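Sequence positions, counted from 1, serve as the residue numbers for this chain. If you're wondering where the values come from, they're calculated on a predicted model, not measured in any experiment.
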Amino acid sequence: MKNRQNVLTAALTGLAPAIWGSTYLVTTELLPPDRPLLATTMRALPGGLVLLALGRTLPVGIWWWRALVLGVLNIGAFNFLLFVAAYRLPGGIAAMIMSAQPMFVVILAALLLSEKIRPVHALACALGTGGVVLLVFRGTASLDSVGVLAAVGGALCMASGITLTKRWGRPEGVGLLTFTGWQLAAGGLVLLPFWLLLEDLPDGLTGSNVIGFAYLITLGAVLSYIIWFRGIERLPAVAVSFLALGSPVVATLLGYLLKDQTLSALQIVGMAVILLAVVLGQPRPPRPKPGEKPPAPPRTTVSRLPGPTAPEPERSR
């Protein structure tokens, strides 16, 4: 029963990276061009403020700085570094470097959560990286040092955010919506000065821009992060980290379906390898110890219905 619940939880949690995989298409097709920080800030801050207003609960004590740290790692710094890497590293190299994120989680979970490093995790890390390479790599490309550092930093931010969210949990009495609102608001407020300093305001907003921003705020941030943080609560940190590999798969499929991009045989193989890595990274039911018998099913007793009973035979005198 527990294994079935884990499968269902993993499937639901995997919806968050799937939604994030559509962010690139929405950004390029619906949002103002060349405004990555605007897109990221608008994605996080409005939804975070709405959730704070609905929850009417602010952090208390140690949770002020914990919410800030989680908001920076999971949302603010991660998205900023991701956009820097995407702009400076062509050919999907940013996605290749980011695919090392599960490996970082495996190490951090062993250090901070006492989760054992298993050989299957090492195999899943190698398969995940190899699958992403087959999926997104397009020949040789020059490596920009700033872009590489940004991609590595983004992977570390995401890995640290997953691990610390699992370690600290959620404060007692605080709902998941409020907890998500803390992080979205913190991440958006951290991004706000970078946007104001590095980008200018667009001349105007079209109907497509409004639809794009509405999508990023509702599905791309509020709903997806609620699902994501719920999954971190219920699954091992390592298992959640592998689910994030679904994002480039969805991005590739959407490009093929909606933008007439080609889909090669190697890319299909890469998707299959990524799926295998995700499956290997999920928790499995514990094996019975040698010589240990599986627990017997509970015995059921059948009660007699009330009614006449047969007479007892006479005893011989």
Are [X] and [Y] joined in one hydrophobic group, where the rule is that I, L, V, M, F, W and Y side chains link up if heavy atoms are under 4.5 Å apart?
{"X": "Ile117", "Y": "Val120", "result": "no"}
{"X": "Val132", "Y": "Val249", "result": "yes"}
{"X": "Met271", "Y": "Leu254", "result": "yes"}
{"X": "Leu276", "Y": "Val133", "result": "no"}
{"X": "Trp64", "Y": "Trp168", "result": "no"}

Can you give me the closest heavy-atom contact between [X] and [Y], atom names plus distance?
{"X": "Pro283", "Y": "Pro236", "answer": "CG-CD, 3.9 Å"}
{"X": "Phe78", "Y": "Gly154", "answer": "CD1-O, 3.3 Å"}
{"X": "Gly128", "Y": "Leu245", "answer": "CA-CD1, 3.8 Å"}
{"X": "Ala150", "Y": "Leu81", "answer": "O-CB, 3.5 Å"}
{"X": "Ile232", "Y": "Ile162", "answer": "CG2-O, 3.9 Å"}
{"X": "Ile75", "Y": "Ala44", "answer": "CG2-CB, 3.7 Å"}

Is it true that a side-chain atom of [X] and a backbone atom of [Y] form a donor plus acceptor pair closer than 3.5 Å?
{"X": "Ser160", "Y": "Cys157", "answer": "no"}
{"X": "Thr23", "Y": "Trp20", "answer": "yes"}
{"X": "Ser224", "Y": "Leu219", "answer": "yes"}
{"X": "Ser247", "Y": "Ala244", "answer": "no"}
{"X": "Gln267", "Y": "Leu135", "answer": "yes"}
{"X": "Arg43", "Y": "Gly220", "answer": "yes"}
{"X": "Gln282", "Y": "Val278", "answer": "yes"}
{"X": "Thr57", "Y": "Gly55", "answer": "yes"}
{"X": "Arg170", "Y": "Val174", "answer": "yes"}

Applying side-chain hydrogen bond (donor to acceptor under 3.5 Å, both in side chains) to Gln101 and not counting sequence neighbours gives none
Distance in Å, [X] [atom1] paired with [Y] [atom2], rounded so as to fall on 0.5 Å steps:
{"X": "Leu216", "Y": "Met42", "atom1": "CG", "atom2": "CE", "result": "9.0 Å"}
{"X": "Ile226", "Y": "Thr180", "atom1": "CD1", "atom2": "OG1", "result": "5.0 Å"}
{"X": "Leu134", "Y": "Ile268", "atom1": "CG", "atom2": "CD1", "result": "12.0 Å"}
{"X": "Asp34", "Y": "Asp200", "atom1": "CG", "atom2": "CG", "result": "10.0 Å"}
{"X": "Leu127", "Y": "Ile274", "atom1": "CG", "atom2": "CD1", "result": "10.5 Å"}
{"X": "Leu38", "Y": "Leu191", "atom1": "CG", "atom2": "CG", "result": "11.0 Å"}

Check whether the side chains of Thr13 and Trp228 place a donor and an acceptor atom closer than 3.5 Å, and report yes or no. no
Ignoring hydrogens and geometry beyond distance, is a side-chain donor-acceptor pair present between Ser22 and Tyr215 at under 3.5 Å? yes
[Y] and [X], any side-chain heavy atoms less than 4.5 Å apart:
{"X": "Cys125", "Y": "Val106", "answer": "yes"}
{"X": "Leu280", "Y": "Leu123", "answer": "yes"}
{"X": "Leu113", "Y": "Thr163", "answer": "yes"}
{"X": "Asn209", "Y": "Leu30", "answer": "no"}
{"X": "Thr40", "Y": "Phe80", "answer": "no"}
{"X": "Leu201", "Y": "Arg35", "answer": "no"}
{"X": "Pro17", "Y": "Val250", "answer": "no"}
{"X": "Leu49", "Y": "Pro46", "answer": "no"}

Given the rule in the side chain to side chain contact (heavy atoms under 4.5 Å, CB included) test, do Val69 and Gln183 qualify, once you have shown the distances and angles that lead to the verdict? CA-CA 8 Å; Val69 170; Gln183 298 189 52; over 6 Å; no
Could you please spell out the steps behind the side chain to side chain contact (heavy atoms under 4.5 Å, CB included) verdict for Lys166 and Leu112? CA-CA 10 Å; Lys166 184 70 177 181; Leu112 300 178; over 6 Å; no
Should Tyr225 and Leu184 be marked as a side chain to side chain contact (heavy atoms under 4.5 Å, CB included) after you check the CA-CA gap, both sets of side-chain angles, and the distance that decides it? CA-CA 9 Å; Tyr225 275 109; Leu184 286 173; 3.8 Å; yes
Take Thr178 and Leu51 through the side chain to side chain contact (heavy atoms under 4.5 Å, CB included) test and state the conclusion after the steps. CA-CA 6 Å; Thr178 300; Leu51 291 180; over 6 Å; no
Check the orientation of Phe179 and Trp63. Use parallel for under 30°, tilted for 30 to 60°, and perpendicular for over 60°. perpendicular
